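Just so it is clear, the structure is predicted and the values come from calculations on it, not from any experiment.
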Amino acid sequence: MEMRRKDLAVTAPAEMDAIIRGCDCIRLAFADGTHPYIVPLSFGYVREGEEAKFYFHSAAAGRKVDLCRRLAYAGFELDRNHTLKPNEKACDFSFAYESVVGEGTITELTTPAEKAAGLQVIMAQYTGRPDWTFPEGVLARTCVFCLTVTEMQGRRHG
């Protein structure tokens with residue numbers, strides 16, 4: 001991905017991680033033939049060395065699950081700190097924000113241990129707690145996916 005406005009680029013991994021951790025929603029974008037499909041999701045995020053991963057979950061059926069399994073690839077977007085910056089002239093209005101966009105490969109986690117670990121990351125994103133337990137029945141009927149980032153860039157417009 002080539003960014004036109006390089007002066008807005010956020011390139012440090014720690015800064016991108018801070019933006020991501022401050023978001024409450026990730027949007028996945030799938031290219032399903034000629035029809036795009038975008039879905040907002042709750043998520044968990046981890047960076048393991050140079051590798052960044054997003055975790056998300058779903059019921060066992062539906063369009064999102066079908067696309068994750070069939071395409072195994074998606075784009076993503078997260079954003080925060082939205083502020084309208086008014087001006088005397090309409091064309092001089094602006095909008096402040098921070099965002100991270102990218103793409104990556106999707107794998108389905110299939111064992112109860114993998115699913116529980118993925119759900120743990122999701123719960124930690126929202127609660128800060130790393131010690132949740134998940135009943136076997138819940139794990140059996142829940143799909144958990146991991147998106148491993150292949151490309152990611154941040155942007156900050158103040």
Side-chain angles (χ1 to χ4, degrees), residues 1-4 8-82 97-157:
M1 287 185 277
E2 182 67 30
M3 185 180 289
R4 183 182 62 83
L8 304 179
V10 174
T11 57
E15 287 186 65
M16 282 193 276
D17 290 355
I19 293 169
I20 291 166
R21 294 198 189 289
C23 293
D24 60 3
C25 171
I26 187 171
R27 291 165 192 85
L28 293 187
F30 297 93
D32 189 17
T34 59
H35 302 330
Y37 180 68
I38 299 172
V39 59
L41 303 166
S42 56
F43 71 97
Y45 175 75
V46 294
R47 182 181 292 275
E48 299 164 343
E50 295 297 311
E51 193 169 63
K53 295 181 178 184
F54 291 95
Y55 292 87
F56 55 96
H57 72 293
S58 177
R63 187 173 183 188
K64 172 181 53 187
V65 171
D66 174 57
L67 292 170
C68 285
R69 289 175 177 159
R70 188 164 42 90
L71 301 177
Y73 204 84
F76 63 87
E77 187 274 344
L78 306 98
D79 56 79
R80 70 176 189 165
N81 294 338
H82 312 108
Y97 63 90
E98 294 177 309
S99 68
V100 174
V101 299
E103 53 193 75
T105 58
I106 298 173
T107 55
E108 185 172 1
L109 308 180
T110 56
T111 69
E114 290 173 326
K115 288 181 178 187
L119 291 171
Q120 197 70 257
V121 174
I122 295 167
M123 292 302 296
Q125 175 77 22
Y126 296 98
T127 68
R129 266 185 58 194
D131 59 350
W132 296 92
T133 58
F134 306 97
E136 282 184 33
V138 170
L139 294 175
R141 67 177 178 267
T142 304
C143 289
V144 182
F145 295 94
C146 176
L147 183 148
T148 302
V149 174
T150 57
E151 195 168 338
M152 181 164 68
Q153 64 185 19
R155 187 174 177 122
R156 180 178 291 119
H157 188 269

Distance-minimising heavy-atom pair for [X] and [Y]:
X: Lys115; Y: Leu139; value: NZ-O, 2.7 Å
X: Gly22; Y: Arg80; value: CA-NH1, 3.5 Å
X: Ala74; Y: Phe30; value: CB-CE2, 3.7 Å
X: Gln125; Y: Gly44; value: CB-CA, 3.9 Å

Examine distances only and state if a side-chain atom of [X] and a backbone atom of [Y] form a donor-acceptor pair shorter than 3.5 Å.
X: Glu114; Y: Thr111; result: yes
X: Gln120; Y: Ala116; result: no
X: Lys53; Y: Val46; result: no

Do [X] and [Y] come within less than 4.5 Å of each other through their side chains, counting heavy atoms only?
X: Ile38; Y: Leu28; value: no
X: Cys143; Y: Glu108; value: yes
X: Leu147; Y: Tyr55; value: no
X: Arg129; Y: Met123; value: no
X: Arg47; Y: Pro13; value: yes
X: Cys146; Y: Leu109; value: yes

Just wondering, are more than 12 heavy atoms of other shown residues or ligands nearer than 6.0 Å to NE2 in His82?
yes

Sorted by chain and residue number, the side-chain contact (heavy atoms from CB on, under 4.5 Å) partners of Thr105 (sequence neighbours excluded) come out as Tyr73, Thr148, Thr150

All side-chain contact (heavy atoms from CB on, under 4.5 Å) counterparts of Glu50, not counting sequence neighbours:
none

Straight-line distance of [X] [atom1] to [Y] [atom2], nearest 0.5 Å:
X: Leu78; Y: Ile26; atom1: CG; atom2: CD1; value: 4.5 Å
X: Leu119; Y: Thr133; atom1: CG; atom2: OG1; value: 11.0 Å
X: Glu151; Y: Phe76; atom1: CD; atom2: CZ; value: 9.0 Å
X: Met16; Y: Arg156; atom1: CE; atom2: CZ; value: 10.5 Å
X: Ser99; Y: Ile19; atom1: OG; atom2: CD1; value: 7.0 Å

With a 4.0 Å cut-off on N to O distance, would you call Glu98 and Arg155 a salt bridge?
no

Any side-chain hydrogen bond (donor to acceptor under 3.5 Å, both in side chains) involving residues 18-28? Give me the pairs, sequence neighbours left out, ordered by first then second residue.
Arg27-Glu77, Arg27-Asp79

Just to verify, what does Tyr45 make a ring-ring contact (aromatic ring centres under 6.0 Å, His included) with, not counting sequence neighbours?
Phe54

Atom pairs and distances, side-chain donor-acceptor, residues 60-67, under 3.5 Å, sequence neighbours left out:
{"unit_1": "Asp66", "atom_1": "OD2", "unit_2": "Arg70", "atom_2": "NH2", "d": "3.3"}

Please collect all ring pair (Phe, Tyr, Trp, His ring centres under 6.0 Å) contacts where either partner lies in residues 121-156, sequence neighbours excluded, each pair once.
Phe56-Phe145

Before giving the answer on side-chain contact (heavy atoms from CB on, under 4.5 Å), spell out for Met152 and Val101 the whole-Å C-alpha distance, their side-chain angles and the decisive distance to 0.1 Å.
CA-CA 6 Å; Met152 181 164 68; Val101 299; over 6 Å; no

